[in-house]
Amino acid sequence: MTVHFGGFASPFNTPSYLVAAVARRGVKGLTAISTSMGRGVKHRDSQSPWLPPELRPQDFFDVALMAELGQLKKGITTFAVGARHDLIYPFEERLADGSVEVEVLGQGSLAERIRAARAGIAAFYTPVGPGTDVAKGKEVRDFDGIPHVLETALHADFALIRAWKADRYGNLIYRGPRTFNETMAGAARITIAEVDEVVPLGDLKPDQIHTAGVYVQRVVVRPSTPVSDWTTPL
Amino acid sequence: MTVHFGGFASPFNTPSYLVAAVARRGVKGLTAISTSMGRGVKHRDSQSPWLPPELRPQDFFDVALMAELGQLKKGITTFAVGARHDLIYPFEERLADGSVEVEVLGQGSLAERIRAARAGIAAFYTPVGPGTDVAKGKEVRDFDGIPHVLETALHADFALIRAWKADRYGNLIYRGPRTFNETMAGAARITIAEVDEVVPLGDLKPDQIHTAGVYVQRVVVRPSTPVSDWTTPL
Amino acid sequence: MSVPSNRNEPERLHPTVMAMVVARDFEDGFVVNLGVGLPLECANAMPPGREILLHSELGLLGFGPVIGDHTKADPYVTMVGNLPVEALPGMVFLSHDESFAMIRGKHLDVCVLGGLQVDVEGNLANTQFEGKPAGNLGGAPDLAYGAKQTVVMMHHTTTDGTPKVVTRCTLPLTAPRCVSRLVTDVGVFDIRGGQIILRECAPGWTPEQIQGITEARLVIPNDIREVRLM
Amino acid sequence: MSVPSNRNEPERLHPTVMAMVVARDFEDGFVVNLGVGLPLECANAMPPGREILLHSELGLLGFGPVIGDHTKADPYVTMVGNLPVEALPGMVFLSHDESFAMIRGKHLDVCVLGGLQVDVEGNLANTQFEGKPAGNLGGAPDLAYGAKQTVVMMHHTTTDGTPKVVTRCTLPLTAPRCVSRLVTDVGVFDIRGGQIILRECAPGWTPEQIQGITEARLVIPNDIREVRLM
């Protein structure tokens with residue numbers, strides 16, 4: 001099973017509640033598509049060290065939790081490891097012991113491959129990648145004398161994303177940069193959005209909706225009291 | 001010279017002022033990219049016959065004006081002619097007398113080719129087109145057993161679009177469906193937006209801006225009194 | 001819009017009735033695109049009690065019926081065909097590229113398209129009008145591919161009586177093997193496995209009369225019914 | 001962040017100063033992306049009197065400096081590196097796909113990237129950290145290709161003194177032939193035509209001393225200056 005994990009590194013745009021739900025469910029053998037393979041529970045406060053403790057969400061879980069729990073078979077990502085030598089994140093540990101595979105590509109190609117899945121495009125030629133390891137084993141073709149690499153759509157079974165508000169149709173708005181949350185919406189068989197609030201139909205205006213509800217199959221409202229331990233049964 | 005003409009058939013989303021400006025300037029040999037090749041001045045009221053005369057914009061000009069004036073070399077479009085036999089639009093007249101060329105393709109492929117130009121994608125495989133005339137002379141390749149046709153990015157020298165409000169950075173918001181106006185913004189060397197109003201920087205909110213100003217090189221405010229005759233010098 | 005009846009044939013279905021027949025099969029929650037021409041009639045024929053999201057390719061999703069009193073219309077909110085429609089709560093505006101990402105990416109349940117010819121393989125021709133120097137593809141190729149189901153709604157014959165339901169399309173194809181349901185002014189048909197199956201006949205029409213104005217050979221099962229509106 | 005100086009060498013430029021040197025060349029109206037690591041320092045070093053739109057690949061455009069008093073920060077408005085930044089009028093939020101459409105489509109003027117190695121061809125390696133089982137590409141490959149100019153801002157040597165400005169990158173490439181300007185803690189360089197040209201030296205540094213900690217052979221023109229901040 002392949003899962004898109006939305007967000008970009010911040011506790012405020014990571015679908016933490018859904019990540020914890022995947023941990024609770026215990027499903028194994030996942031291929032996780034995520035721009036970063038995360039830091040895990042132990043190192044999560046290193047993500048935003050500037051954040052005053054009282055503002056630090058106690059329910060912050062990222063995809064590294066899946067690595068910690070041995071739920072991953074593979075990661076498709078742009079940040080596979082930490083940049084520091086003194087912090088070893090869970091996915092890096094799993095990589096080192098050979099229990100997971102990894103595909104590393106650039107963030108633009110990752111985003112475009114996911115967008116292609118949403119948009120029904122099978123593959124595209126991007127100028128980014130030729131001359132680097134990313135192009136190995138892929139078709140390279142010149143357009144206007146510039147080499148381009150063929151990248152294919154990246155579908156998933158589920159897309160787990162984080163938004164701010166939803167209405168009954170699944171229309172979404174986001175708060176702040178929309179990151180991979182907007183990109184992944186609709187790029188999976190089932191898109192699940194974790195939101196702060198569901199508002200009455202009509203509250204979200206037609207010119208202000210970021211993700212149309214047709215891309216969203218399920219909406220989950222985050223608990224008003226954060227669940228700080230993923231092992232707590234719900 | 002190749003020009004994207006934005007909008008979709010309605011006087012309310014067509015960049016009429018910019019179309020008239022191209023007419024005034026008299027530039028010839030244009031390749032016009034437009035979802036419809038338009039109806040021209042003579043037939044323009046047939047576009048929205050339901051519209052009460054007092055609401056009908058007197059400055060409605062579409063790309064057919066360029067055909068009337070012999071400014072076009074070629075049209076790349078999804079609606080080359082009218083559906084009715086009793087209304088012959090200017091581009092159709094030019095087609096019939098052999099003075100213009102035409103490339104007709106589906107609207108989704110047209111939109112995606114323009115989006116590819118904005119997004120730096122050289123070409124893409126779409127499942128739409130194989131088995132029809134659109135695929136003739138193009139590469140067809142199977143992905144997951146489904147034939148796809150290779151379509152290339154459609155760049156232009158200028159993109160002429162219509163929006164509602166702009167700020168000093170060229171950030172834009174649109175009123176109603178955003179049509180090809182949003183799609184074409186950024187898909188040309190120079191994007192020019194015709195707007196109703198320029199508002200102070202900060203009035204357009206970061207989560208409500210539809211087109212970022214980096215895609216827009218010039219903004220023109222529509223005259224408060226519509227200029228109903230394109231031959232009127234400005 | 002209406003086809004002059006042959007004196008000897010029963011009355012054909014009015015477009016308003018055809019629209020009800022098409023729309024009765026839209027399920028609650030369906031996302032449906034209506035093509036230009038006859039299919040637009042469906043916008044005012046939505047089955048009561050069901051929420052159906054109408055999609056229009058210029059970047060409009062979740063709109064209501066065509067507005068009759070045009071002085072009350074917002075001219076910025078129009079569907080394809082440039083007709084003003086009601087704004088409904090939950091409506092969304094899109095760009096053309098996102099609108100077609102939605103179509104091509106198979107996020108729509110049904111599209112209803114007009115047709116010039118439909119054949120036994122479900123091929124659709126609706127682009128090249130007779131006597132015109134070029135065709136009009138519009139959004140049809142993407143819709144025909146992308147929607148989970150493609151329904152064609154058209155008159156059964158041309159104004160001069162030429163059959164439009166044929167063994168093999170002779171006009172340029174809009175999209176191959178895409179049509180699975182056909183609603184004409186004389187009946188309702190399923191298309192599958194290289195066959196056109198007559199399901200329902202317009203009031204007063206016999207299967208034989210329908211076959212008589214159809215070039216393709218129709219499959220005529222035992223359980224044929226009269227056209228239902230619900 | 002800082003490299004321990006060899007006792008015998010002049011003082012190296014502080015990252016804050018390097019950032020000023022990079023940012024002084026941003027022209028009014030430029031759209032600039034700052035990569036993770038050292039380049040983020042530039043956010044707080046914008047040249048006064050010029051409007052520069054900062055782009056961050058998670059979908060943020062037109063933001064201001066990093067906010068020092070974190071209790072006043074909006075935690076939803078962060079640039080890459082997850083640092084809170086000031087909201088400026090005209091700021092725009094984007095999705096990741098649109099953010100990279102903007103990058104790849106050549107709508108950015110400059111990107112500033114960190115580097116592990118830069119060579120005479122302008123090849124950049126900044127993905128594979130020593131001893132790590134995999135690399136980190138992030139947004140760098142797209143930025144290096146898409147921005148009209150790619151500037152690398154890095155320490156001139158590793159913490160153990162190994163040269164990072166080399167004849168040919170030995171680490172996996174992030175992007176080929178992309179770097180045209182290099183700012184290190186000892187000088188400013190142009191890279192073109194297979195040559196690295198020394199333009200400015202940090203105070204106290206001679207061209208010979210800089211060549212001494214550089215593996216690649218430097219071109220040393222007559223008009224070399226001391227590093228300028230404006």
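The analysis underlying the following values was restricted to heavy atoms, covering all of them including side chains, and did not include hydrogens, waters or symmetry mates. So that the names make sense, note that chain A is the first sequence line, chain B the second, and so on, each numbered from 1.
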If you count every heavy atom of other residues, nucleotides or ligands that lies below 6.0 Å from [X] atom [atom1], does the total exceed 12?
| X | atom1 | result |
| --- | --- | --- |
| B:R141 | CZ | yes |
| B:K73 | NZ | no |
| D:R217 | CZ | no |
| B:D144 | CG | no |
| B:R175 | CZ | yes |

Check: Is there side-chain contact between B:R168 and D:E51, with at least one heavy-atom pair below 4.5 Å?
Finding: yes

Note to self: Quick check: do B:Q208 and D:F93 have side-chain heavy atoms less than 4.5 Å from each other?
What the structure shows: no

Margin query: Tell me whether D:R104 contacts the main-chain N or O of B:G120 through its side chain, where contact means a donor paired with an acceptor under 3.5 Å.
Written below: no

Next item on the list: For D:H107 and B:R118, indicate whether the former's side chain and the latter's backbone hold a donor-acceptor pair under 3.5 Å.
Entry: yes

Next item on the list: With a 4.5 angstrom heavy-atom cut-off, could you sort out which part of B:D207 is near chain D: side chain, backbone, both or neither?
Entry: both

Note to self: Can you give me the closest heavy-atom contact between D:L61 and B:A212, atom names plus distance?
What the structure shows: CD2-CB, 3.8 Å

Margin query: Between D:V31 and chain B, with a heavy-atom cut-off of 4.5 Å, which part of the residue counts as in contact: side chain, backbone, both or neither?
Written below: side chain

Next item on the list: Could you pull out all residues at least two apart from B:D167 that satisfy salt bridge (charged side-chain N to carboxylate O under 4.0 Å, His left out)?
Entry: none

Margin query: Quick check: under 4.5 Å, non-hydrogen atoms only, which of residues 118-143 of chain D neighbour chain B?
Written below: none

Next item on the list: With rounding to the nearest 0.5 Å, note down the distance linking OH in B:Y169 to CG in D:L88.
Entry: 7.0 Å

